Each structure stands twice: as structure tokens, then as C-alpha cells.
Amino acid sequence: MKGREFQTIGFIGAGTLGTALAVSLARRGHRVAAVASRTYASSQRLAARAPGCQPHSSLQEVVDACDLVLLTVPDDAITPVTESLTWRSGQAAVHCSGAKPLEVLEAARDQGALVGSFHPLQTFSTVDQALESLAGSVFALEGEPPLLEHLKELVQALGGRPLVLPPGSRTLYHASAVMVCGYLVALADRASGLWETFGLNRRQALEALLPLMEGTLRSMDDNGIPQAVTGPLVRGDVGTVRAHLQALERLAPEILPLYCRLGLETLQLADAKAHLNSEQQRDMETLFTAYLREGFKIPA
Ligand SMILES: NC(=O)c1ccc[n+]([C@@H]2O[C@H](COP(=O)([O-])OP(=O)(O)OC[C@H]3O[C@@H](n4cnc5c(N)ncnc54)[C@H](OP(=O)(O)O)[C@@H]3O)[C@@H](O)[C@H]2O)c1
């Protein structure tokens with residue numbers, strides 16, 4: 001087996017991701033030896049779920065006991081935590097942030113440690129949910145050999161798919177993740193809110209809209225973009241779009257900028273898919289841009 005030099009794994013930060021990774025790796029036979037966190041209680045909780053893992057009250061004890069240290073602390077804590085510790089040559093310090101570059105581990109690198117990143121491109125609200133969804137997720141990796149090879153092996157052990165990020169790509173990689181994850185939730189929240197205008201609550205809305213969202217995701221997987229786009233924009237139904245805008249203006253005007261902005265983006269996809277006639281395209285574009293530029297009343 002490659003990467004023998006990183007056999008003993010330690011965790012600093014016993015939160016959602018740290019616990020899920022520690023438990024998953026321990027279950028798959030990896031030596032998760034030590035954990036420490038801001039509070040000892042969190043470390044104990046993690047250790048109780050990961051066979052062979054010892055809780056520590058000092059972060060340094062984890063660094064001293066392990067070959068590979070995964071820093072699963074909040075993004076802004078990575079640099080101060082790394083700087084507060086003494087690292088040794090040949091061991092590895094790896095963070096799990098999607099947004100932060102390897103430079104946040106500079107203090108460990110200066111002391112001879114190999115540095116890397118190990119970012120599951122997935123959303124985890126709870127440890128149990130993370131335990132279920134680590135397998136099948138893409139993990140964005142950075143690091144120099146032999147650490148990078150070892151990180152790939154860990155991803156494979158977790159049932160994930162390794163992706164080595166090109167240098168300098170991290171910020172926009174993370175921006176794309178935020179757009180399809182957090183922004184998707186915001187979009188669902190705004191769409192659900194519209195149901196309150198006709199007397200149904202957000203929970204009812206979400207239960208009804210989720211199967212539609214799931215169908216759309218499946219269609220993107222099966223058919224790709226732009227084929228997955230459907231609806232009045234693809235059909236060139238200008239009257240329907242106008243009716244939406246008028247109703248929004250009357251009952252939920254705060255949604256109009258979002259609806260129009262996304263309408264313009266969708267219009268481009270609709271045209272790529274269905275080759276709209278130029279009149280339909282111009283009419284819809286005029287409706288969206290006129291509102292965005294002037295905020296004026298939607299014409300009947
Ligand atoms: N959750 C996700 O969806 C997700 C997905 C991909 C990547 N990540 C990345 O994973 C990392 C951890 O995120 P998370 O969601 O697991 O966060 P989290 O649940 O808030 O856990 C963070 C843990 O770090 C500990 N901690 C905070 N400050 C510390 C310090 N100064 N020293 C030592 N321990 C400290 C906390 O300890 P106590 O419990 O002891 O207070 C907490 O248990 C982040 O870099 C994040 O970007 C998260």
C-alpha cells in the first residue's frame with residue numbers, strides 16, 4: 001500500500017465533518033488514533049463513535065501522536081490553530097475547507113510538514129446525514145506527492161470520487177458550489193414563500209415543490225443543460241410570463257428582481273434548446289430588462 005507514512009490519522013475539530021470522517025475512516029479499517037477540539041466534550045463524543053480513537057484535551061497531543069492531521073475546524077480557525085502548533089518534518093497537515101488555499105497551512109509547511117486539502121463537495125447538516133452522503137461525493141484534493149496519493153486512497157476508501165483541483169482554481173470552484181447549494185435553498189425559500197399569498201404554508205409548498213426540484217435534477221443528469229430547461233420560456237409563452245410578472249408586482253414585488261434576473265439567464269438556455277423566434281425572445285427580454293432597469297409597472 002502506498003502512503004504508508006501517513007498511517008495514523010488525527011482530527012483537530014470534532015464537529016460535523018470531523019466526526020463523520022473519523023467514524024467513516026475508522027469503520028473502513030483506517031487508524032484514527034486521536035482527536036482534540038475546542039472542548040473536550042466534543043472530542044469525547046467523537047471518540048466514542050470511532051473505534052480506537054483517543055480523545056485529548058490538547059491539540060498538540062494530536063499533532064504529536066499522528067502522521068496525518070485533518071483540521072476540521074471552521075475555515076477562519078485553520079490558520080490560528082495551525083500557527084499555535086508545533087509540526088514535525090514529514091507529517092501532513094490537511095484542511096477540509098472548500099474556500100481556503102493551502103497558504104492557510106503555511107506555518108505547518110514552514111516547519112517541514114506536507115500540506116494538503118481534502119474537501120468533500122457535499123452539504124452536511126448533521127453527522128448522520130454526512131455518514132450517509134460521503135460515499136458518492138466528489139472530494140477536491142490538493143497536495144504534493146506522496147500526500148496527494150494518500151489522500152486519493154482515503155477518498156476511495158470512503159467511496160468518494162477524487163478530483164485534483166488545478167492550482168489557482170479554488171475560489172471559483174467554491175463559488176460554484178455555493179451557487180448550486182446555498183443559493184438553491186434560497187431560491188426554494190423564495191418560491192415557497194409565494195404559497196403564503198394564496199393561503200398555503202411554506203411546509204406545504206416545500207413538500208409540493210421538492211418532487212419538482214428532484215425531477216429537474218434528474219433531468220439535468222439524464223439530459224444535460226440546456227435540454228433540462230422546460231416551462232413557458234422554452235415554449236415562448238409570453239402571455240404566461242407577463243401574467244407572472246403582473247401577479248408578482250401586485251402580491252410579492254420583492255421577488256420581481258430575482259424572477260427577472262433568472263428569467264434572463266433562463267431565456268438564453270431556452271433559446272439554445274428551442275431556438276425561439278426573435279419576436280418571442282425580444283418580448284420576453286423586454287419584459288425582464290425593463291423591470292430590472294426601471295422597475296416600472298409591467299405592461300398589460
Ligand atoms: N458541514 C459541511 O457541509 C462541510 C462540507 C464540506 C467541508 N466542510 C468544512 O469542514 C470544516 C469543518 O466544518 P463543520 O461543518 O464540521 O463545522 P462544525 O460542525 O462547526 O465543527 C467545527 C468544530 O471545530 C471545533 N473548533 C472550533 N474552533 C476551534 C479551535 N479554535 N480549535 C479547535 N477546535 C475548534 C469546534 O469545536 P467544539 O465542538 O469543541 O466547540 C467544532 O466541533 C470547515 O473547514 C468546513 O468548510 C464542511
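Read the numbers this way: they start at 1 and go in the same order the structure lists the ligands and their atoms. FYI, the numbering just counts along the sequence from 1. Computed from a prediction, not measured in an experiment: that's the story for all the values here. Below, all heavy atoms of this structure are taken into account, side chains as well, without hydrogens, waters or symmetry copies.
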* Asked: What residue and atom, counting heavy atoms only, is the protein's closest point to atom 4 (C) of ligand 1, and at what distance?
  -> F124 CD1, 3.9 Å

* Asked: Any side-chain heavy atom of S97 within less than 4.5 Å of one from I78?
  -> yes

* Measure from atom 17 (O) of ligand 1 to the protein's non-hydrogen atoms and state whether any distance is below 4.0 Å. => no

* Asked: Just wondering, do L147 and F118 contact through their side chains at under 4.5 Å, heavy atoms?
  -> no

* To do: Give the contacting part of T72 toward ligand 1: side chain, backbone, both or neither, where contact means a heavy-atom distance below 4.0 Å.
  => backbone

* To do: For T39 and S42, test the side chains for any donor-to-acceptor distance below 3.5 angstrom and give the result as yes or no.
  => yes

* Asked: Taking side chain as C-beta onward, heavy atoms only, is S192 less than 4.5 Å from L209?
  -> yes

* To the nearest 0.1 Å, how far is atom 9 (C) of ligand 1 from its closest protein heavy atom, and which atom is that? -> C96 O, 3.3 Å

* Asked: Within the structure, does T123 bring an N/O atom to less than 3.5 angstrom of an N/O atom in ligand 1?
  -> no

* Nearest protein heavy atom with distance in Å, relative to atom 5 (C) of ligand 1 -> Q122 O, 3.4 Å

* To do: Output the list of atoms in ligand 1 that are nearer than 4.0 Å to some heavy atom of H119, sorted by atom number.
  => 6 (C), 7 (C)

* Given R235 and T230, is the side-chain hydrogen bond (donor to acceptor under 3.5 Å, both in side chains) satisfied, shown in steps? -> CA-CA 8 Å; R235 290 188 295 269; T230 59; over 6 Å; no

* Structure fact -> Ranked by distance from atom 45 (O) of ligand 1, the top protein heavy atom is D75 OD1, 2.6 Å

* To do: Decide yes or no for L121 and L163: does some side-chain heavy atom of the first lie under 4.5 Å from some side-chain heavy atom of the second?
  => no

* **Which of the ligand 1 atoms, numbered from 1, are nearer than 4.0 Å to a heavy atom of S97** => 45 (O), 47 (O)

* Asked: Counting distance only, does the side-chain N/O of Q129 pair as donor-acceptor with the main-chain N or O of T123 below 3.5 Å?
  -> yes

* Asked: Does a side-chain heavy-atom distance below 4.5 Å link F139 with H119?
  -> no

* Do protein heavy atoms approach atom 20 (O) of ligand 1 to less than 4.0 Å? -> no

* Asked: What residue and atom, counting heavy atoms only, is the protein's closest point to atom 43 (O) of ligand 1, and at what distance?
  -> G15 N, 3.0 Å

* **Top protein contact for atom 31 (N) of ligand 1, by heavy-atom distance** => V81 CG2, 3.6 Å

* **Heavy-atom nearest neighbour in the protein, as seen from atom 37 (O) of ligand 1, with distance rounded to 0.1 Å** => S37 OG, 2.9 Å

* Asked: Salt bridge between D283 and R242, side-chain N to carboxylate O under 4.0 Å?
  -> no

* Is the F6 ring parallel, tilted or perpendicular to the H150 ring (thresholds 30°, 60°)? -> tilted

* **Under-4.0 Å heavy-atom contact between protein and atom 13 (O) of ligand 1** => no

* **S57 side chain to Y40 backbone, donor-acceptor under 3.5 Å** => no

* To do: Consider every N or O of I12 and every N or O of ligand 1, then say whether any pair is closer than 3.5 Å.
  => no

* Which residue holds the protein heavy atom closest to atom 26 (N) of ligand 1, what is that atom called, and what is the gap in Å? -> P74 CD, 3.8 Å

* **L17-ligand 1 polar pair, N/O distance under 3.5 Å** => yes

* **Nearest candidate to atom 11 (C) of ligand 1, where distance is taken over non-hydrogen atoms, out of V73, L21, L59, T16** => V73

* Number the atoms of ligand 1 from 1 as they appear, then name those within less than 4.0 Å of a heavy atom of G13, with their elements. => 24 (O), 25 (C)

* Is the closest basic N to carboxylate O distance between D189 and R202 below 4.0 Å? -> yes

